[in-house]
Q: 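Take a look at this one; I'll ask things after.
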Amino acid sequence: MRWIMLGPPGSGKGTQAKKLAAAFGADHLSTGDMLRSEVASGTELGCSARTYMDRGDLVPDELILKMIAGRLESMSNGDGFILDGFPRTEAQAVALDKMLDTMKRSIDRVVLVKVGDEEIKSRLAGRARQEGRADDTEEVINRRLDVYRKQTAPLIAYYSGKGRLSEVVGERPIDVVYGDLKKLAES
Ligand code: B4P
């Protein structure tokens with residue numbers, strides 16, 4: 001399993017990536033989780049990233065690529081990996097292709113989790129109540145959706161052109177979505 005999980009904020013990429021990684025023994029690399037951990041530890045990278053995250057913008061490509069390069073290299077090669085929330089821009093996708101080439105690895109599937117804007121807003125408002133994430137306020141959610149449409153959605157054509165894209169409907173219960181992903185992984 002060498003997958004990328006793609007989708008709008010709150011589509012459930014992270015939720016599903018965790019379940020798949022646990023079931024299939026793959027490494028789970030979430031740039032969102034890595035960034036939140038850098039912020040919590042108060043590192044230089046975390047301090048720079050926080051400003052962008054809090055207003056719903058993407059963290060600059062250079063910071064993301066610096067953060068992920070070492071993690072990709074240190075991954076065990078055993079049961080594969082799931083990249084969750086990375087790449088998020090075309091520049092990141094091109095850089096990832098180069099890194100994987102150097103490592104003589106490749107992606108075998110890019111999964112787009114499709115969810116409409118209204119459902120996303122309601123899910124993230126729910127998460128804000130439970131977890132209090134600074135980037136789950138209404139204003140920031142709207143900004144994140146806008147950024148997704150402009151900067152990340154073009155990756156759908158990028159990966160579709162390479163013949164690697166699969167889609168799942170994310171607007172269903174977590175276990176139903178997971179059932180479809182499990183079938184894809186086993187096919
Ligand atoms: P992420 O951590 O990737 O945040 P996300 O898009 O909200 O996560 P996800 O879609 O995985 O949602 P989840 O499963 O948690 O990024 C946060 C920020 O970090 C970005 O805005 C950006 O600033 C920065 N960043 C990260 N990566 C970057 C990169 N590569 N380049 C630049 N910047 C980057 O699900 C959300 C909620 O929905 C949860 O509460 C969950 O319980 C619920 N849910 C999930 N599936 C459901 C279902 N089927 N039904 C009902 N609810 C469901």
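Order of appearance sets the numbers: ligands from 1, and atoms from 1 within every ligand.
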Q: Is a donor from one side chain sitting under 3.5 angstrom from an acceptor on the other, for Q151 and T89?
A: no
Q: If you draw the axis of the six-membered ring of Y52, does the NZ or CZ of R55 fall within 45° of it and under 6.0 Å from the ring centre?
A: yes
Q: Indicate yes or no: at least one non-hydrogen side-chain atom of L63 is less than 4.5 angstrom from one of L35.
A: no
Q: Enumerate the protein residues lying less than 4.0 Å from ligand 1, judged by heavy-atom distances, in chain and residue-number order.
A: P8, P9, G10, S11, G12, K13, G14, T15, T31, G32, L35, R36, M53, D57, L58, V59, I64, G85, F86, R88, Q92, R123, R127, R133, D135, R144, G170, R172, P173, I174
Q: Which pairs count as salt bridge (Lys or Arg N to Asp or Glu O under 4.0 Å) when at least one residue sits in residues 7-20, sequence neighbours excluded?
A: K19-D175
Q: Cluster question for you: counting only ILVMFWY and a side-chain heavy-atom cut-off of under 4.5 Å, with indirect links fine, are I64 and L100 together?
A: yes
Q: State whether the side chain of R123 and the backbone N or O of G10 hold a donor-acceptor pair below 3.5 Å, judged by distance alone.
A: yes
